[in-house]
Asks: 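Before I ask anything, let me first share the structure, which is written out below as structure tokens.
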Amino acid sequence: MKYGIPRGTKDILPAEAKLWQLVEQACREIFALYDYSEIRTPIFEFTDLFTRSIGSGTDIVKKEMYTFADRKGRSLTLRPEATAAVVRAGIENNLISIESLAKLYYLGPMFRYERPQAGRQRQFHQAGVEVFGSADPRLDAEVIELSVRLFEKVGLKDLVVNLNSVGCPKCQPEFRGAIKKHFAQHISDMCQDCRDRLEQNPMRILDCKEAHCQKYLEKAPASLDYLCPECKNHFDQVVGWLGNLGIKYQVNDRLVRGLDYYTKTAFEVIARQLGAQNAVCGGGRYDNLVAELGGKATPAIGFAIGLERVISLITDHQLPITNEGNIKLFIATLGEAATKQGFALLSQARALGISADMDFLGKSLKAQLKNADRLKAAFVYVMGDEEVKKGSAGLKNMATGEQSEVEFSQLITRLK
RNA sequence: GUGGGUGUAGCUCAACUGGUUAGAGCACCAGAUUGUGGAUCUGGGGGUUGGGAGUUCAAGUCUCCUCACUCACCCCA
């Protein structure tokens, strides 16, 4: 093979594309149901937008971005996530303000340079929502409910909502200090990754998977115990509203989100069957990001769903894939005159909204019928040169096998 | 970036400790039915065994390199 596909990318072939359309449609329907409007931002942005918002210390920024210089030497980056771009677009177009609520959703490809594995690609797709303008905990509950309803709609089961609060700039320093203090005494006995994390991002130690480190994690301080009164109150209200909505969740004080901008509520929707990369949805509140990116201080919350992961859950479990017929009419012809006439009828049928096709490979009549069967055509119009003279031909119902004589002029109305 | 596993036909897989012309099922094409699909039968096309080098009388099989895929770590959707 001369040209192969770049690593970490995937062709979505026709059979699977159908499923993608179903999932995307489900997303759009649910988002609309909750009064979210679509926003489409560019695939690339100025690099600074991502380094500022995601955080220069995060892995995404340090080693996972597709960054390149354009012809004028400007540094651009293929978006590794959408939130920063949506915030940028919102500020730039005056969509975001404290006086009004902006509820936006997006759907599209993201890019991160990582080693591919199950549930992780270099180009992957996310659907997500962002709400700007309110710190009301009901919105935290609403977006979580929205994601749960969406998963229900596409038929996914056995998902678990993990919920935590990572605090705000007021309470985070104290918690961070407590973490450092706790692990400092054990760090010499912990894995190399944890040693690095102690300095760089101490909160990440909490979800270390190393068996040897587990015993030190058990007694580690939980962020929930260090929340300031405002954050604590917010978290309690989110929990309360989720209860009212009947949304099941698990408080997970080990849940740490990887992007710097999160405040207060952090949540993930987990599918155990997925393997190591098992989060199908991740999100949370980011009350300071709009201000950090140059807008007026505006609270916000959002989430992103990993569409590849959703798709793989659906295909793994053979969930509802409607497989209706492809076309309504197949025109089978024999001889030059019939082929000419058939091609004209084909065009007429399509013009009137009847999906139709015919043979373009010069195949035998038998092979044409076979092909029509494969295409799941409802009807086949069989015409040879005799029929052209007669002005009528046999219309065969492929389900029953019955064939009746139909004039050319009557064909379309018969199929309508 | 690190570690493990796997690369044979379009797909799923065979080929005993290296041994003759690398096989099968499915799919595809054609015929049986000079102008009618799904079933059956018969025949057919398909491969540089991922690529390169080496060992050997002989390599799909052993060694090394390389590439790709895959799973996991880091991290994330």
Side-chain angles (χ1 to χ4, degrees), chain A residues 1-2 4-10 13 15 54-55 57-64 79-83 107-128 147 191-194 196-197 200-201 204 207-210 255-259 267-271 274-284 302-313 330-335 338 359 361 363-387 393-403:
Chain A
M1 201 183 313
K2 192 161 185 183
I5 194 169
R7 182 158 218 203
T9 64
K10 219 186 121 208
L13 304 176
I54 296 169
T58 61
D59 273 29
I60 291 181
V61 169
K62 278 197 300 192
K63 54 182 195 185
E64 295 175 3
R79 62 183 188 191
E81 56 111 37
T83 300
L107 196 67
M110 309 293 159
F111 306 83
R112 291 181 200 171
Y113 189 94
E114 303 178 87
R115 284 287 287 269
Q117 74 182 79
R120 170 189 289 159
Q121 294 173 226
R122 289 182 175 178
Q123 174 172 341
F124 60 102
H125 297 77
Q126 290 186 333
S147 72
C191 70
Q192 186 57 50
D193 286 331
C194 281
D196 296 340
R197 282 187 281 233
Q200 290 163 12
N201 195 349
R204 288 234 76 91
D207 58 10
C208 179
K209 286 154 194 152
E210 197 69 41
L255 176 61
V256 184
R257 310 245 62 237
L259 284 54
F267 72 98
E268 279 183 1
V269 182
I270 304 292
L274 270 183
Q277 310 305 324
N278 58 7
V280 288
C281 174
F303 67 69
I305 290 171
L307 292 180
E308 276 80 1
R309 294 180 187 178
V310 171
I311 297 276
S312 90
L313 281 172
F330 190 92
I331 298 176
T333 64
L334 199 65
D359 169 68
L361 298 173
K363 299 229 177 193
S364 69
L365 189 63
K366 178 190 167 74
Q368 291 184 52
L369 265 292
K370 197 169 183 174
N371 193 226
D373 186 51
R374 235 190 318 246
L375 293 174
K376 294 197 175 80
F379 295 93
V380 176
Y381 201 43
V382 186
M383 51 197 296
D385 291 350
E386 287 172 36
E387 284 83 354
L395 183 64
K396 182 166 188 170
N397 181 323
M398 292 296 274
T400 63
E402 289 166 20
Q403 188 165 328

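Just so you know, these numbers come straight off a predicted model, no measurement behind them.
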Asks: For C29(B) and G46(B), measure between their C1' atoms and round to the nearest Å.
Replies: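 C29(B) and G46(B) have their C1' atoms separated by 11 Å.
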Asks: Let me know the distance between CD1 of I5(A) and P of C69(B), rounded to the nearest Å.
Replies: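 Those two atoms, CD1 and P, are 9 Å apart.
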Asks: What nucleotide, of G38(B), U70(B), U36(B), holds the atom closest to the side chain of R115(A)?
Replies: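 The listed nucleotide nearest to R115(A)'s side chain is U70(B).
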Asks: Quantified in whole Å, what is the P atom distance between nucleotide A9(B) and nucleotide G50(B)?
Replies: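 One P to the other, the span is 8 Å.
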Asks: Under 4.0 Å, counting only non-hydrogen atoms across every strand here, what does G128(A) touch: a base, just sugar-phosphate, or nothing?
Replies: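 Answer is nothing: G128(A) stays at 4.0 Å or more from every strand.
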Asks: What is the distance from CG of N278(A) to C1' of C75(B), rounded to the nearest Å?
Replies: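 Going from N278(A) (CG) to C75(B) (C1'), I get 13 Å.
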Asks: Reckon E308(A) touches a base, only the sugar-phosphate, or nothing at all at heavy-atom distances under 4.0 Å?
Replies: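 Result for E308(A) = nothing.
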Asks: For G401(A), answer base if it contacts any base atom (sugar-phosphate contacts may also be present), sugar-phosphate if it contacts only those atoms, and nothing otherwise; contact means non-hydrogen atoms under 4.0 Å.
Replies: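 Base: the residue G401(A), judged by heavy atoms under 4.0 Å, touches a nucleobase.
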Asks: Does a side-chain heavy-atom distance below 4.5 Å link D359(A) with N371(A)?
Replies: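 No - every pair of side-chain heavy atoms lies 4.5 Å or more apart.
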Asks: Quick one: closest heavy-atom pair of D385(A) and L334(A), and the distance?
Replies: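 Residues D385(A) and L334(A), closest heavy atoms: OD1-O, 3.4 Å.
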Asks: Base, sugar-phosphate or nothing for G282(A)? Non-hydrogen atoms, less than 4.0 Å.
Replies: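 Counting heavy atoms under 4.0 Å across all strands, the contact made by G282(A) is with sugar-phosphate only.
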Asks: Compare the minimum distances between each of A72(B), A77(B), G35(B) and the side chain of L259(A), then state the nucleotide with the smallest one.
Replies: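 My answer, after comparing the listed nucleotides, is A77(B).
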Asks: Identify whether any heavy atom of V382(A) sits under 4.0 Å from a base atom; if not, whether one sits that close to sugar-phosphate; answer base, sugar-phosphate or nothing.
Replies: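 Counting heavy atoms under 4.0 Å across all strands, the contact made by V382(A) includes a base.
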Asks: How about Q403(A) and V380(A): do any of their side-chain heavy atoms sit closer than 4.5 Å?
Replies: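 The answer is no, as the side chains (C-beta and beyond) never meet within the 4.5 Å cut-off.
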Asks: Please name all residues satisfying side chain to side chain donor-acceptor pair (under 3.5 Å) with E64(A), sequence neighbours left out, ordered by chain then number.
Replies: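 Partners of E64(A) by the side chain to side chain donor-acceptor pair (under 3.5 Å) criterion come out as none, since no residue qualifies.
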Asks: State, to 0.1 Å, how close Q126(A) and A82(A) come at their nearest heavy-atom pair, and which atoms those are.
Replies: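 Scanning both residues, the minimum pair turns out to be OE1-N, 4.5 Å.
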Asks: Can you measure Q277(A) atom CD to A72(B) atom C1' for me and round it to whole angstrom units?
Replies: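 It is 9 Å, rounded to the nearest whole Å.
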Asks: With rounding to the closest Å, how many angstrom separate the P atoms on C65(B) and G4(B)?
Replies: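 About 12 Å, rounded to a whole number of Å.
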Asks: Suppose you measure atom P in U20(B) against the same atom in A15(B); what distance do you get, rounded to whole Å?
Replies: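 The same atom, P, in both gives a distance of 14 Å.
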Asks: What pair of heavy atoms forms the shortest contact from T333(A) to L365(A), and how long is it?
Replies: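 Heavy atoms of T333(A) and L365(A) come nearest at O-CD1, 4.2 Å.
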Asks: With a 4.5 Å heavy-atom cut-off, do L274(A) and R309(A) have their side chains touching?
Replies: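 Yes, side chains in contact.
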Asks: For A279(A) and G275(A), take the nucleotide of RNA chain B holding the closest heavy atom to each; which residue's nucleotide lies nearer the 5' end?
Replies: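 Here G275(A) is the residue nearer the 5' end.
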Asks: Which is more 5' along RNA chain B, the nucleotide nearest G384(A) or the one nearest A118(A)? Just name the residue.
Replies: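 The 5'-side residue here is G384(A).
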Asks: Distances under 3.5 Å between protein N/O atoms and the N/O atoms of nucleotides 27-33 of chain B, please, pair by pair.
Replies:
residue, atom, partner, partner atom, Å
C28(B), OP1, R374(A), NH1, 2.4
C29(B), OP1, R374(A), NH2, 3.4

Asks: Give the C-alpha distance, both sets of side-chain angles, the deciding distance and a yes or no for side-chain contact (heavy atoms from CB on, under 4.5 Å) between I305(A) and V269(A).
Replies: CA-CA 9 Å; I305(A) 290 171; V269(A) 182; over 6 Å; no
Asks: Which atoms form the tightest heavy-atom contact between A377(A) and F330(A), and what is the distance?
Replies: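 Heavy atoms only, the tightest pair is CB-CB, 3.9 Å.
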Asks: Check F111(A) against Q123(A) and note the closest heavy-atom contact, atom names and distance.
Replies: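 Heavy atoms of F111(A) and Q123(A) come nearest at CE2-OE1, 3.3 Å.
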Asks: List the atom of P80(A), the atom of F124(A), and the distance in Å for their closest heavy-atom pair.
Replies: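 What the structure gives for the nearest pair is O-CZ, 3.9 Å.
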Asks: According to side chain to side chain donor-acceptor pair (under 3.5 Å), who are the partners of K10(A), at least two apart in sequence or on a separate chain?
Replies: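 Expected list: E16(A).
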Asks: Specify the separation, in whole Å, of atom CD of Q117(A) and atom P of G4(B).
Replies: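 So the CD-P distance, Q117(A) to G4(B), works out to 16 Å.
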Asks: Within the structure provided, determine whether L255(A) and E268(A) are in side-chain contact (heavy-atom separation under 4.5 Å).
Replies: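 L255(A) reaches E268(A) side chain to side chain.
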Asks: Can you tell me how far P in A77(B) sits from the matching atom in A39(B), rounded to whole Å?
Replies: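 It comes out at 48 Å once rounded to the nearest Å.
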Asks: Give every pair of a protein N or O atom and an N or O atom of nucleotides 6-8 of chain B that lie under 3.5 Å apart, one pair per line with the distance.
Replies:
none

Asks: With respect to the side chain of R309(A), which nucleotide from G35(B), C69(B), A77(B) is positioned closest?
Replies: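 Out of G35(B), C69(B), A77(B), the nucleotide with an atom closest to R309(A)'s side chain is A77(B).
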Asks: How close or far is atom P of C75(B) from atom NZ of K63(A), stated in whole angstroms?
Replies: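 That distance rounds to 8 Å.
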Asks: Between P on C76(B) and CZ on R120(A), what's the gap in Å once rounded to a whole number?
Replies: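 Taking atom P of C76(B) as the reference, CZ of R120(A) is at 9 Å.
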Asks: When you compare A72(B) with G31(B), how far apart are their P atoms, in angstrom units rounded to a whole number?
Replies: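 Going atom to atom, P in each nucleotide, I get 49 Å.
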Asks: Any base atoms under 4.0 Å from A372(A), or only sugar-phosphate, or nothing? Heavy atoms, all strands.
Replies: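 Since no nucleic acid heavy atom lies under 4.0 Å of A372(A), the category is nothing.
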Asks: Using atom C1' of each nucleotide, how far apart are G45(B) and C26(B) to the nearest Å?
Replies: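 About 16 Å, rounded to a whole number of Å.
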Asks: Could you give me the stems involving RNA chain B, meaning stretches of three or more consecutive Watson-Crick or G-U wobble pairs whose two defining distances are both below 3.5 Å?
Replies: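 Stem list for RNA chain B: B:1-7 with B:67-73, B:10-13 with B:23-26, B:28-32 with B:40-44, B:50-54 with B:62-66.
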Asks: Rounded off to whole Å, could you give me the CD-to-P distance for the E114(A) and C74(B) pair?
Replies: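 Taking CD of E114(A) and P of C74(B), I get 12 Å after rounding.
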Asks: Examine the base of G35(B) for any acceptor or donor lying under 3.5 Å from a partner atom in the side chain of E387(A), and report the outcome as yes or no.
Replies: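 Checked by distance alone, the answer is yes.
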Asks: For R115(A), enumerate each residue passing the side-chain contact (heavy atoms from CB on, under 4.5 Å) test, keeping only those at least two apart in sequence or located in another chain.
Replies: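 Partners of R115(A) under the side-chain contact (heavy atoms from CB on, under 4.5 Å) test: R7(A).
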Asks: Between the base of U36(B) and the side chain of Q403(A), is there any donor-acceptor pair under 3.5 Å?
Replies: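 Counting by modelled atom types and ignoring angles, a donor-acceptor contact under 3.5 Å is found here.
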Asks: Tell me which nucleotide among G38(B), A77(B), G35(B) gets nearest to the side chain of D373(A).
Replies: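 Looking only at side-chain atoms, D373(A) lies closest to G38(B).
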Asks: Rounding to an integer number of angstrom, what distance separates U55(B) and C11(B) when you compare their C1' atoms?
Replies: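 Pairwise C1' distance, U55(B) against C11(B), rounds to 35 Å.
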Asks: Grab the CG-C1' distance between L395(A) and U36(B) for me, whole Å please.
Replies: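 For the pair L395(A) CG and U36(B) C1', the rounded distance is 13 Å.
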